Amino acid sequence: MSNRVYIFDTTLRDGEQVPGCQLNTIEKIEVARQLEKLGVDIIEAGFPVSSPGDFNSVVEISKAVSNPTICALTRAVKKDIEVAADALQFAKKGRIHTGIGTSPYHIYNKLNSTPEAIIERAVEAVKFAKKFVEDVEFYAEDAGRSDNEYLARVIEAVIKAGATVVNIPDTTGYCLPSEYGEKIAYLVNNVPNIDKAIISTHCHNDLGMATANSISGIINGARQVEVTMNGIGERAGNTSLEEIVMTLRCHKDLNFDTGIDSKQIMKTSGLVSTLMRMPIQPNKAIVGRNAFSHSSGIHQDGVLKNRENYEIIDPVDVGVKESSIVLTARSGRAALKHRLSVLGYNFEPAEVDEIYQKFLELADKKKDITDEDLEILVGRNVEKDSKRPLKLESLQVVCGKSTIPTATVQVNFNGDVFTETASGNGPIDAAFTAVKALVKRRVRLEEFLIQAITRGSDDLGKVHVQIEHQGQTYYGFSAHTDIITASVEAFLDALGKIQ
């Protein structure tokens, strides 16, 4: 049996079913092209019969990408299949994904049918789809709660009818990993013609076991795994692409290969999160903001001595430049000394001990300690503000529901004041655009975080900015009651650190 595991990405179909995550055709094409760079094997581009927009998206994605197979979803209905075939007419490699429910819940309650009638409809759908494309995938909806013996009969029949891939979905996320693995193994051992098709997993995360179930399915014989970027999808989501890829990459003893360019993971994750307006939880595996951050003193000391002490994945392998050592009250002397050395300060052990005591007192009052906080602690910040190469002199912003956001910024460059006006998608974007026009540096905004220091709409807010310039990362911080002012000052602070 082959050890190649095919990645079937359904971010643009199942993932887009999340309320509020709908994309237009142009956005879908952008995601599809990035998925192609990532190296996915199959892109499920939509459900063409569901709407003219979905139909058009499948058509345009088929034109826009070359390497992945483009897949269109249908029900076991002739009209669905005809429309899908029409949508796939420009695909270099096209696949129709058709199917029907096979659990007692679906057979009797949803479809008001019988087990034998379901098999007939499944076979008829596969045969009809086969008239349009050679590559036909069949899904046995709610296979996770289907009787294994009956499921085996269905799978044998659809493979005989011409199915090249058989999808065994845990549609409700009900199965335990052992149970789902046993189901796949049962099909491998009890479907006589199973060698003529690829078994696919499609697991949902209702009980938080989608990735574990998919891995169990692969170990037991599945060679295609259906996933979404960031694990988005119906209800609690789908199996996460990045978790599957990196689990197989870490467990080399399993001897499975996906062919994914893992260094594209963070870029793809960020694009999907941005376009679908769905933030990633900070502690999300692989792609969360805290996935490679360390704040515990014990962990920080271990990582600084040898990354592999606490990291099973090299952050570079997924597109992250480096691990992050976050200074908090839980941090130890090793982390503090490391951060001070990054800032250019090297102290004797006794001096570090003295600074560390002050650091702990401050850290107990604040959630995290910034570079500016450290400079204050070491007493090296005298006249720091006046020595900043870039200083905000004035800021005027015009914005509102019926107004194009416009910002006028005055910046002091080592004593000389310059003014620029620009518009943008919002007041902060307009102000940043004006600053970039003044500074004339090509920078990329990698992270922009706003944090309320105290409660209330009129209280202090803190802004953290991370920018990239010529392969180097620079950080900026500011705090102000006016969050737009704080944002511009943080941006200038980061820009001013570029040599």
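We count residues from 1, following the sequence as given. Just so it is clear, the structure is predicted and the values come from calculations on it, not from any experiment.
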Note to self: So that I can tick it off, tell me whether D135 and K93 are bridged by a salt bridge, with the cut-off set at under 4.0 angstrom between side-chain N and carboxylate O.
What the structure shows: no
Notebook entry, point to check: Should the pair R145 and Y105 be classed as cation-pi, given the thresholds of under 6.0 Å to the six-membered ring centre and 45° from the axis?
Noted result: yes
Check: Which pair of non-hydrogen atoms, one from T201 and one from N167, has the smallest distance, and what is that distance?
Finding: C-OD1, 3.9 Å
Note to self: For a quick check under 3.5 Å, do E156 and N193 share a side-chain donor-acceptor pair by atom type?
What the structure shows: no
Check: How far does CG of L327 sit from CZ of R339, to the nearest 0.5 angstrom?
Finding: 7.5 Å
Notebook entry, point to check: Going from CG on D170 to CG on N213, what distance comes out if it is rounded to the nearest 0.5 angstrom?
Noted result: 5.5 Å
Check: Is any side-chain N of the basic residue among K63 and E60 closer than 4.0 Å to the acidic one's carboxylate O?
Finding: yes
Next item on the list: Using a strict cut-off of less than 4.0 Å between a Lys/Arg side-chain nitrogen and an Asp/Glu carboxylate oxygen, indicate whether E141 and R75 qualify as a salt bridge.
Entry: no
Notebook entry, point to check: Do N290 side-chain atoms and S293 backbone N/O form a donor-acceptor pair below 3.5 Å?
Noted result: no
Margin query: Please evaluate residues E311 and S323 with respect to the criterion side-chain hydrogen bond (donor to acceptor under 3.5 Å, both in side chains), reporting the C-alpha separation (whole Å), side-chain torsions for both, the decisive distance (0.1 Å), and the verdict.
Written below: CA-CA 9 Å; E311 288 183 353; S323 304; 2.4 Å; yes
Next item on the list: Determine the interplanar angle of the F477 and Y475 rings, folded into 0 to 90°, and report it as parallel if under 30°, tilted if 30 to 60°, perpendicular if over 60°.
Entry: parallel
Check: Could you walk me through whether L151 and Y186 pass the side chain to side chain contact (heavy atoms under 4.5 Å, CB included) check?
Finding: CA-CA 10 Å; L151 182 62; Y186 183 88; over 6 Å; no
Item checked: Check: Y180 main-chain N/O paired with S216 side-chain donor or acceptor under 3.5 Å -> no
Item checked: Lys NZ or Arg CZ of R4 over Y6 ring: under 6.0 Å, within 45° -> yes
Next item on the list: Measure the spacing between CG of L304 and CG of N309 and express it to the nearest 0.5 Å.
Entry: 10.0 Å
Note to self: Whether the side chain of K183 engages the backbone of A143 through a donor-acceptor N/O pair (distance < 3.5 Å, no angle test) should be reported.
What the structure shows: yes
Notebook entry, point to check: Backbone N or O of A210 within a donor-acceptor pair of the N205 side chain at under 3.5 Å?
Noted result: yes
Next item on the list: For atom NZ of K92, decide whether the heavy atoms of other residues, nucleotides or ligands shown that lie under 6.0 angstrom number more than 12.
Entry: yes
Check: Do L254 and L248 pass the side chain to side chain contact (heavy atoms under 4.5 Å, CB included) test, and can you show the C-alpha distance, the side-chain angles, and the key distance before you say yes or no?
Finding: CA-CA 7 Å; L254 294 177; L248 297 181; 4.2 Å; yes
Next item on the list: Using the salt bridge (Lys or Arg N to Asp or Glu O under 4.0 Å) rule, take E134 and K130 through it: C-alpha gap first, then chi angles, then the decisive distance, then the call.
Entry: CA-CA 6 Å; E134 179 59 32; K130 201 75 174 177; 3.1 Å; yes
Notebook entry, point to check: Side chain of R277, backbone of Q22: donor and acceptor closer than 3.5 Å?
Noted result: yes
Check: Under 6.0 Å from the OH atom of Y174, do we count more than 12 heavy atoms belonging to anything else shown?
Finding: no
Notebook entry, point to check: Is the number of heavy atoms from other residues, nucleotides or ligands under 6.0 Å of N283 CG greater than 12?
Noted result: yes
Notebook entry, point to check: Which word best sums up how the rings of H97 and Y139 line up, parallel for under 30°, tilted for 30 to 60°, or perpendicular for over 60°?
Noted result: perpendicular
Margin query: Surrounding CD1 of I298 (heavy atoms of other residues, nucleotides or ligands, distance under 6.0 Å), is the total greater than 12?
Written below: no
Note to self: I'd like to know if the side chain of T274 and the backbone of L271 have a donor-acceptor N/O pair within less than 3.5 Å.
What the structure shows: no
Notebook entry, point to check: Between R153 and D147, does a salt bridge (Lys or Arg N to Asp or Glu O under 4.0 Å) hold up when you go through it step by step?
Noted result: CA-CA 10 Å; R153 289 176 57 206; D147 174 73; over 6 Å; no
Next item on the list: Could you tell me how the ring of Y474 sits relative to the ring of H469: parallel (under 30°), tilted (30 to 60°) or perpendicular (over 60°)?
Entry: tilted
Notebook entry, point to check: Once you round to the nearest 0.5 Å, how far does CG of L38 lie from OG of S269?
Noted result: 10.5 Å
Checklist line | S423 (side chain) donor-acceptor with P405 (main chain) under 3.5 angstrom | finding: no
Item checked: Residue pair N306 / E308, side-chain donor-acceptor N/O under 3.5 Å -> no
Note to self: Apply side chain to side chain contact (heavy atoms under 4.5 Å, CB included) to residues T268 and L35 and explain how you reach the verdict.
What the structure shows: CA-CA 7 Å; T268 312; L35 290 172; 4.0 Å; yes
Notebook entry, point to check: Does E16 come within less than 4.0 Å of K28, counting only side-chain N to carboxylate O?
Noted result: yes
Margin query: Under 3.5 Å, is there a donor on one side chain and an acceptor on the other for Q34 and E36?
Written below: no
Checklist line | N-O pairing of K321 and E468 below 4.0 Å | finding: no
Check: Salt-bridged, D261 to K267, with N to O below 4.0 Å?
Finding: no
Margin query: One pair to check against side chain to side chain contact (heavy atoms under 4.5 Å, CB included): I7 and V227. What are the steps and the verdict?
Written below: CA-CA 7 Å; I7 298 296; V227 294; 3.8 Å; yes
Check: Counting only N and O atoms by type, is there a donor-acceptor contact under 3.5 Å from the side chain of S273 to the main-chain atoms of M278?
Finding: yes
Note to self: Heavy-atom count check: over 12 atoms from other residues, nucleotides or ligands less than 6.0 Å from L449 CG?
What the structure shows: yes
Checklist line | Side-chain donor-acceptor pair present, T228, T10, cut-off under 3.5 Å | finding: no
Note to self: Side chains of T171 and D142: any donor to acceptor distance under 3.5 Å?
What the structure shows: no
Checklist line | Other residues, nucleotides, ligands: >12 heavy atoms within 6.0 Å of R330 CZ | finding: no
Check: Taking atom types as modelled, is there a side-chain donor on S103 or S146 under 3.5 Å from an acceptor on the other?
Finding: no
Notebook entry, point to check: So, does R223 use its side chain to make a donor-acceptor pair with the main chain of I218 at under 3.5 Å?
Noted result: yes
Note to self: Keeping S62 on the side-chain end and V58 on the backbone end, is there a donor-acceptor pair under 3.5 Å?
What the structure shows: yes
Next item on the list: Please report the shortest heavy-atom distance between I119 and A157, naming the atom on each side.
Entry: CG2-CB, 4.0 Å
Checklist line | L12 side, atom CG; D9 side, atom CG - distance, nearest 0.5 Å | finding: 6.5 Å
Next item on the list: Nearest 0.5 Å please: distance from the CZ atom of R249 over to the CG atom of D314.
Entry: 12.0 Å
Notebook entry, point to check: Which atom names give the shortest non-hydrogen contact between D195 and P192, and what distance separates them?
Noted result: OD1-O, 3.7 Å
Next item on the list: Determine whether the side chains of S240 and K284 contain a donor N or O and an acceptor N or O closer than 3.5 Å.
Entry: yes
